[in-house]
Enquirer: 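Below: one structure in structure tokens.
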Amino acid sequence: MLIQFRMKNVLSFKDEAVFDMTAVTAYKELKNHLVSLPDDESLVRVAAVYGANASGKTNFYRGMDIFRTIVIDSMNPKDDVKDSTLKQEYLPYSFEKDMQNLEFSIVLSDDGNEYTYGFEYDAERIASEWLYVKSYRTNRSSAIIEREAADIELGSSVRRECEKYSSQIPDTGLALTFFSRLNLKTDIFRNLFEMIQGMVIVNNDYFEKKDTVTSYLPDVLRDNKNELLKFLKSIDTEIVDVEQGGRKDEFYTTHIGADGEKYQLNLYNESSGTIRAILIFIAASYVISMNSVMVVDELNVKLHPLLLKFFIDMFYESGVRAQLVYTTHDTTLMDRRYFRRDQIWFVQKDAYGCSELEAMSDYRVRSDASFERSYLAGVFGGIPKLKTFP
């Protein structure tokens, strides 16, 4: 589970931005929106990030995507034509002359441990990397990786098994990624790598691409068709069946006409909102089944607010340990009936193009306050500053 994510000097986030899913203990509302950790801390299951156009909401999502991309691809070989992953993903704050390192860190949890992992890099090399693990059973923390450039120090619990491989790690590769690919007795590297790899981090276009349908819908129709049809019935699409045609990218929906007969329609002739809803349902179902994290930029696009609430409520079902983070403009659900104060975040940008990230819980807000009214009045920032157009 995601506890915290930090980034610094990434796109419009010049200064350190800290995003934290830890629940505020003093808040007593909506307890079913929380999930407990083994150390008695609680995390929120869902968080919404608001902000004006060009405030940096998408850069927040992109920062998480860059982090995941580097972890997954830093050890992948590149041909002579392509730049290294580090060079491709070197996107620092641009409005100053001296380009600095990008810095990321994340805190994740599984049933046994809490992992604190991060790294700094520029376009040419990994500048530093660190991994600390806290055991929930013993409540003890230990250093696993402490790296400065090519100098890699390994903790005592993994040193004997891993040190002989350290010299093989390139300047452009992460030690975590390298060790996760080896057949080691320790499962620390593999567990953390798989948690990061399993995060679904996508932009709003992802749910409208034909390739996304082709990639995922066939497996759902084979393994989980009944759940998909129940979902389509529950959101009142009037679709009674979905089938794959003779080609890999060919799908048909079935409707009942006024005469009681069945009629087929090419899936791509359904509304874009229906197609988007199907793909969001598939992605959310996968994330929930894997107890993972789903991060979506502009999740609300082409969705009715009640349908958006339907997807959010999937993460509140009993036994679910997955999490959803999404950016949005839509304030319809910014209401104390649907969100706790520690579930709402704001991004705003200053006059120099620097984005800042703040939580509603950073402000003194009563639990019975009108969140939407306060937000639109500018109490929390994150709204456009409109001027008269001449």
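This chain uses plain numbering: 1 for the first residue, then up along the sequence.
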Enquirer: Any luck finding a side-chain donor-acceptor pair between N9 and Q100 under 3.5 Å?
Expert: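 Result is no, nothing qualifies.
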
Enquirer: Hydrophobic clustering (ILVMFWY, side-chain heavy atoms < 4.5 Å, transitive) - are F311 and V320 grouped together?
Expert: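 Same cluster.
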
Enquirer: Which pair of heavy atoms, one from P218 and one from Q244, lies closest together, and at what distance?
Expert: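 Closest heavy-atom pair between P218 and Q244: CB-OE1, 3.7 Å.
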
Enquirer: State, to 0.1 Å, how close Q323 and V44 come at their nearest heavy-atom pair, and which atoms those are.
Expert: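 The answer is NE2-O, 3.2 Å.
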
Enquirer: Any donor-acceptor pair under 3.5 Å linking the side chain of S36 with the backbone of L34?
Expert: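 Here the side-chain-to-backbone pair does not exist.
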
Enquirer: Could you measure the distance from the OH atom of Y363 to the OG atom of S361? Nearest 0.5 Å is fine.
Expert: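 If I round to the nearest 0.5 Å, the distance is 10.5 Å.
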
Enquirer: Let me see the working for N204 and R276 under side-chain contact (heavy atoms from CB on, under 4.5 Å), right down to the final yes or no.
Expert: CA-CA 9 Å; N204 67 77; R276 182 180 178 85; 3.7 Å; yes

Enquirer: Dump the intermediate steps for side-chain contact (heavy atoms from CB on, under 4.5 Å) on V107 and E114, then the final yes or no.
Expert: CA-CA 7 Å; V107 183; E114 178 183 286; 3.7 Å; yes

Enquirer: Whether the side chain of T85 engages the backbone of D73 through a donor-acceptor N/O pair (distance < 3.5 Å, no angle test) should be reported.
Expert: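 Checking the backbone N and O of D73 against the side chain of T85, a donor-acceptor pair under 3.5 Å is found.
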
Enquirer: Backbone N or O of E298 within a donor-acceptor pair of the T327 side chain at under 3.5 Å?
Expert: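 Side chain of T327 to backbone of E298, a donor-acceptor pair under 3.5 Å: yes, one is there.
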
Enquirer: Evaluate the side-chain proximity of F13 to S355: yes if any heavy-atom separation is below 4.5 Å, no if none is.
Expert: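 They are in contact (side-chain heavy atoms under 4.5 Å apart), so the answer is yes.
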
Enquirer: Decide yes or no for S74 and F119: does some side-chain heavy atom of the first lie under 4.5 Å from some side-chain heavy atom of the second?
Expert: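 S74 vs F119: side chains apart.
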
Enquirer: What pairs of residues pass the ring-ring contact (aromatic ring centres under 6.0 Å, His included) test when at least one of them lies in residues 236-295, not counting sequence neighbours?
Expert: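 Applying ring-ring contact (aromatic ring centres under 6.0 Å, His included) to every pair that reaches into residues 236-295, excluding sequence neighbours, yields F231-F281.
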
Enquirer: Is it the case that T58 and D297 place a side-chain donor and acceptor less than 3.5 Å from each other?
Expert: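 Short answer, yes.
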
Enquirer: Do the side chain of R45 and the main chain of F315 share a donor and acceptor less than 3.5 angstrom apart?
Expert: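 Here the side-chain-to-backbone pair exists.
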
Enquirer: Taking the side chain as every heavy atom from C-beta outward, state whether I344 and M334 have any pair of such atoms under 4.5 Å apart.
Expert: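 They are in contact (side-chain heavy atoms under 4.5 Å apart), so the answer is yes.
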
Enquirer: Any ion pair linking R222 and D219 (charged N to carboxylate O, less than 4.0 Å)?
Expert: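 Judged by the 4.0 Å cut-off on N to carboxylate O distance, D219 and R222 do form a salt bridge.
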
Enquirer: Test your reading of the model: is there a side-chain donor-acceptor pair from S215 to the backbone of T212, 3.5 Å cut-off?
Expert: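 Answer holds: no.
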
Enquirer: Which pair of heavy atoms, one from Y316 and one from H33, lies closest together, and at what distance?
Expert: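 Scanning both residues, the minimum pair turns out to be OH-ND1, 3.2 Å.
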
Enquirer: Show, in sequence, the C-alpha distance, side-chain angles and deciding distance for K209 and D211, and conclude whether the salt bridge (charged side-chain N to carboxylate O under 4.0 Å, His left out) test is met.
Expert: CA-CA 5 Å; K209 293 180 179 178; D211 288 347; over 6 Å; no

Enquirer: Run the salt-bridge test on K309 and D313 with the 4.0 Å N-O cut-off and return the result as yes or no.
Expert: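 Yes, this pair counts.
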
Enquirer: Does D187 offer a backbone N or O that forms a donor-acceptor pair with the side chain of N191 under 3.5 Å?
Expert: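 Yes: the side chain of N191 pairs with the backbone of D187.
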
Enquirer: Do Y115 and M21 belong to the same hydrophobic cluster, where Ile, Leu, Val, Met, Phe, Trp and Tyr are linked whenever their side-chain heavy atoms lie under 4.5 Å apart, directly or via other members?
Expert: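 Yes, it is one cluster - the side chains of Y115 and M21 are joined through contacts under 4.5 Å.
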
Enquirer: Are D241 and K262 ion-paired here, with the side-chain N under 4.0 Å from a carboxylate O?
Expert: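 Salt bridge: no.
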
Enquirer: Is any side-chain heavy atom of R6 closer than 4.5 Å to a side-chain heavy atom of F104?
Expert: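 In short, these two side chains do not touch, never coming nearer than 4.5 Å.
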
Enquirer: Are the side chains of Y132 and I144 in contact, using a 4.5 Å heavy-atom criterion?
Expert: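 No, every pair of side-chain atoms sits at 4.5 Å or beyond.
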
Enquirer: Does some side-chain heavy atom of M64 sit less than 4.5 Å from a side-chain heavy atom of M199?
Expert: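 Yes. Closest side-chain heavy atoms under 4.5 Å.
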
Enquirer: Under 4.0 Å between a Lys/Arg side-chain N and an Asp/Glu carboxylate O for R340 and D342?
Expert: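 Answer for the salt bridge query: yes.
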
Enquirer: Say you draw a straight line from CG of L86 to CG of D171; how long is it, rounded to the nearest 0.5 Å?
Expert: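 It is 9.5 Å, given to the nearest 0.5 Å.
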
Enquirer: Does the salt bridge (charged side-chain N to carboxylate O under 4.0 Å, His left out) test come out yes or no for E96 and K14, once each step is laid out?
Expert: CA-CA 10 Å; E96 51 184 30; K14 177 187 176 184; 3.2 Å; yes

Enquirer: Do the charged groups of K8 and E16 touch, with an N to O distance under 4.0 Å?
Expert: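 E16 and K8: not salt-bridged.
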
Enquirer: Can you confirm whether or not the ring centre of H329 sits under 6.0 Å from the ring centre of Y50?
Expert: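 That pair fails the under 6.0 Å test.
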
Enquirer: D205 side chain to E208 main-chain N or O, any donor-acceptor pair under 3.5 Å?
Expert: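 It does not hold such a pair.
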
Enquirer: So which atom in T22 and which in L43 form the shortest heavy-atom distance, rounded to 0.1 Å?
Expert: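 Result for this residue pair: CA-CD2, 3.8 Å.
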
Enquirer: Is it the case that atom CG in D259 sees more than 12 heavy atoms from other parts of the structure closer than 6.0 Å?
Expert: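 Buried by this count: over 12 neighbours within 6.0 Å.
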
Enquirer: Taking the side chain from R68 and the backbone from Q197, do they hold a donor-acceptor pair closer than 3.5 Å?
Expert: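 Looks like yes, one N/O pair under 3.5 Å.
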
Enquirer: How long is the straight-line distance from CZ of R62 back to CE of M7, given to the nearest 0.5 Å?
Expert: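 Answer rounded to 0.5 Å: 10.5 Å.
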
Enquirer: Is the shortest heavy-atom distance from the side chain of M195 to the side chain of D110 under 4.5 Å?
Expert: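 Yes, side chains in contact.
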
Enquirer: Do T253 and E270 get their side chains close enough for a donor-acceptor pair, meaning under 3.5 Å?
Expert: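 Their side chains do contain a donor-acceptor pair, which is all the 3.5 Å distance test asks for.
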
Enquirer: Among the clusters formed by ILVMFWY side chains lying less than 4.5 Å apart, do I3 and F67 turn up in the same one?
Expert: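 Looking at the clustering, F67 is in a separate group from I3.
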
Enquirer: Has E120 got a side-chain atom pairing as donor or acceptor with S128's backbone, closer than 3.5 angstrom?
Expert: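 Pair absent, no side-chain N/O of E120 close to backbone of S128.
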
Enquirer: If you count the non-hydrogen atoms of other residues, nucleotides and ligands that lie under 6.0 Å from CG in D111, is the total more than 12?
Expert: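 Atom CG in D111 is not packed in, count stays at 12 or less.
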
Enquirer: How close do N113 and S135 get, heavy atom to heavy atom, and via which atoms?
Expert: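 That would be OD1-CA, 3.4 Å.
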
Enquirer: With side chains defined as the heavy atoms from C-beta onward, is the minimum distance between Y136 and S109 less than 4.5 Å?
Expert: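 Counting from C-beta outward, Y136 and S109 do come under 4.5 Å.
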
Enquirer: Under 6.0 Å from the NZ atom of K233, do we count more than 12 heavy atoms belonging to anything else shown?
Expert: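 Count not over threshold, so no.
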
Enquirer: Please determine whether residues I201 and M1 belong to a single hydrophobic cluster, defined as Ile, Leu, Val, Met, Phe, Trp and Tyr linked transitively by side-chain heavy-atom distances below 4.5 Å.
Expert: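 Looking at the clustering, M1 is in a separate group from I201.
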
Enquirer: Under a plain distance cut-off of 3.5 Å, with no hydrogens placed, do T328 and D330 share a side-chain donor-acceptor pair?
Expert: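 Distance-only check fails for D330 and T328.
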
Enquirer: Kindly determine whether L308 and L299 satisfy side-chain contact (heavy atoms from CB on, under 4.5 Å), including the steps that lead there.
Expert: CA-CA 8 Å; L308 175 60; L299 177 62; 3.6 Å; yes

Enquirer: Could you give the distance from OG1 (T332) to NE2 (H304), rounded to the nearest 0.5 Å?
Expert: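 Here the interatomic distance stands at 8.5 Å.
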
Enquirer: Using a 3.5 Å distance criterion without hydrogens, assess whether the side chain of E129 forms a donor-acceptor pair with backbone atoms of L176.
Expert: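 Looks like yes, one N/O pair under 3.5 Å.
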
Enquirer: I want to check a possible cation-pi pair here: R341 against Y27, using under 6.0 Å from ring centre and within 45° of the ring axis as the test.
Expert: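 Judged by the rule (NZ or CZ under 6.0 Å from the ring centre, within 45° of its axis), R341 counts as positioned above Y27.
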
Enquirer: Side-chain donor-acceptor pair under 3.5 Å between S180 and T177, yes or no?
Expert: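 The criterion, which ignores hydrogens and geometry beyond distance, is not satisfied for T177 and S180.
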
Enquirer: Apply side-chain contact (heavy atoms from CB on, under 4.5 Å) to V71 and F193, showing your working.
Expert: CA-CA 8 Å; V71 170; F193 180 86; 3.9 Å; yes

Enquirer: CZ of R159: more than 12 outside heavy atoms within 6.0 angstrom?
Expert: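 Yes, enclosed.
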
Enquirer: I want to know whether W345 and F19 have ring centres closer than 6.0 Å.
Expert: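 Yes.
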
Enquirer: Could you tell me the separation between the OG1 atom of T116 and the CG atom of L192, rounded to the nearest 0.5 Å?
Expert: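 Taking OG1 in T116 and CG in L192, the distance rounds to 9.5 Å.
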
Enquirer: In Å and rounded to the nearest 0.5 Å, what is the CD1 to CG distance from I106 to L131?
Expert: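 So the gap between those two atoms works out to 12.0 Å.
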
Enquirer: Do V133 and L184 share a hydrophobic cluster, counting only Ile, Leu, Val, Met, Phe, Trp and Tyr and linking them when any side-chain heavy atoms are less than 4.5 Å apart?
Expert: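 Yes, V133 and L184 fall within the same hydrophobic cluster.
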
Enquirer: Closest heavy-atom contact between F179 and S166?
Expert: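 Shortest heavy-atom contact: CZ-OG, 4.1 Å.
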
